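Report on the following structure.
Here the structure is a predicted model, which is why all the values come from computation and not from measurement. Computed over heavy atoms, backbone and side chain alike; hydrogens, waters and symmetry mates excluded.
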Amino acid sequence: HILFDYGGPNIGKALHVGHLRTLNIGRSLYNINKFAGNKVTSDVHFGDWGMPVSQIIAYIEHKNLDINLIDYEDLEHIYPNAVSLTNENESFENLCKEISKELNLRNEDYIRKWSIIRAISINEIKSLFVQLQHKFDLFYGESDVIDEANQVIVHAKKQGKVKFDNLALISTEERDPPVIIAKRDGSFLYMTTDLGTVKFRETNDEYDKYIYVVDSRQKEHFSQLFSTIKHFDLSRKEFIHVGYGTVNGKNGKPLKTRDGGVYKLIDLYSDVKKLLSRDGMNNQDSDKLTNSVLTYSDLLSNRKQNYVFDIDKFVDINGKTAVYLQYSQVRAARLLNEYGKKIKLDKLNNLNNTERDLVLLTTKFSYYFNLSIEKNEPHHLAEYAYNLCSMFNSFYSNNKIFSKDIDKQTKTKRIFIVDNFYKTLIDIFYCLGIEPVDKM
């Protein structure tokens with residue numbers, strides 16, 4: 001049983017392009033493992049506690065805003081303004097710290113305000129996930145594990161596995177730098193809630209392996225987390241950090257809007273959809289095609305590397321793109337529909353070069369599938385999908401199927417090859433998290 005921890009949106013903050021990779025890689029690895037017959041569970045693990053939430057509440061109080069009239073768009077503006085104010089204004093920073101402390105003490109007024117902000121954010125995030133075709137089995141957040149985080153600290157103190165050093169509670173494990181577990185005033189860090197999350201999961205279910213799909217820049221955090229789990233004896237299970245590079249613009253820097261702002265995922269979705277609008281395509285297929293572009297272009301790169309998100313390149317029908325893949329599967333589906341009956345073939349023989357090449361490449365699915373599952377790298381299947389479609393289109397160009405001068409046996413053989421290709425491609429689509437469109 002594998003627990004996939006990915007997504008990780010923070011309440012009050014916009015889902016932006018930086019979330020694209022955790023969502024796509026996480027969903028693909030979840031699907032690949034499910035396809036392999038493993039029991040899988042996904043948890044979005046919201047960031048809904050600690051300093052960011054305290055800053056939002058503090059800003060609302062500072063500006064005398066009516067929290068009951070605030071919507072998600074307001075929150076998207078409030079958070080960056082609150083961060084700026086924290087850096088500029090010491091008394092505001094102190095207010096944020098005080099609210100964070102009071103939240104941990106379950107101050108009723110602050111808990112009520114936190115609940116309103118959380119509900120607004122989570123409703124918006126869930127509806128965006130539906131649009132982007134992402135589903136999660138569990139919707140837990142940091143706030144769900146506060147009791148467990150406190151229990152971890154109490155237990156570690158009893159065992160003598162933590163000590164106070166300067167202004168912080170640190171692990172006694174010998175590491176350089178030492179692992180900070182909590183601040184002296186009791187306020188939590190990501191480390192604190194991540195340890196609480198492990199205890200929560202170990203208590204509430206039975207998992208054999210935990211896979212965290214998080215930006216490679218967090219490598220040191222997960223190295224510390226995994227060694228602290230062992231040091232505190234919280235779990236003996238397998239813990240893996242699947243890191244990934246950043247999504248960059250053509251300038252080689254993290255992708256931003258033209259005016260240099262945060263590129264929201266919903267805006268990227270809309271921009272891609274506009275470029276893909278085609279005559280005669282219904283809205284459902286248009287949504288599927290947009291999502292397949294956002295998914296495939298992301299998974300095609302080795303997850304360990306940064307890559308450039310070039311919208312014009314990724315919507316090209318002739319390139320190594322989701323559009324090319326979708327055209328190929330629609331073409332194959334149309335041929336199968338035209339044949340319209342059960343395919344009966346006793347023996348696959350007398351193959352010409354393009355027939356043989358496609359048949360042989362189709363048999364390689366298990367090789368690329370195994371590479372992807374063993375290395376937690378979906379790009380092996382993504383690359384294979386393109387090569388398979390390229391081979392299919394070569395086969396299609398060189399072999400007539402429904403021509404009157406084709407004998408029945410040859411027609412059956414070729415439609416069998418098409419069917420084999422189509423089933424393999426649909427399996428790859430599932431593993432990558434791509435939904436096939438009906439028409440192009």
Using modelled atom types and a 3.5 Å cut-off, is there a donor and acceptor pairing between side-chain atoms of E76 and backbone atoms of G12? no
Does a side chain donor of either Y210 or E202 reach within less than 3.5 Å of an acceptor in the other side chain? yes
Tested for ring-ring contact (aromatic ring centres under 6.0 Å, His included) against Y212, the lone hit among F226, Y244, F4 is F226
The reported gap from CZ in F222 to OG1 in T228 (rounded to nearest 0.5 angstrom) is 12.5 Å
Which of V40, I211, T41 passes side-chain contact (heavy atoms from CB on, under 4.5 Å) with L3? It is T41
Residues passing the salt bridge (charged side-chain N to carboxylate O under 4.0 Å, His left out) test with K183, sequence neighbours excluded, are none
Do Y30 and D137 pair up side chain to side chain, a donor and an acceptor below 3.5 Å, judged on atom types alone?
yes
So does R118 pair up with D144, basic N to acidic O under 4.0 Å?
yes
Geometric cation-pi criterion R201 and Y207, 6.0 Å radius, 45° cone:
no
Show your working on salt bridge (charged side-chain N to carboxylate O under 4.0 Å, His left out) between K273 and D287 and close with a plain yes or no.
CA-CA 7 Å; K273 189 170 180 177; D287 287 341; 2.6 Å; yes
- Task: Fit a plane to each ring of F365 and Y384, take the angle between them on a 0 to 90° scale, and name the class: parallel (under 30°), tilted (30 to 60°) or perpendicular (over 60°).
- Result: tilted
Report the relative orientation of the aromatic rings in F139 and F136; use parallel for angles under 30°, tilted for 30 to 60°, perpendicular for over 60°.
-> perpendicular
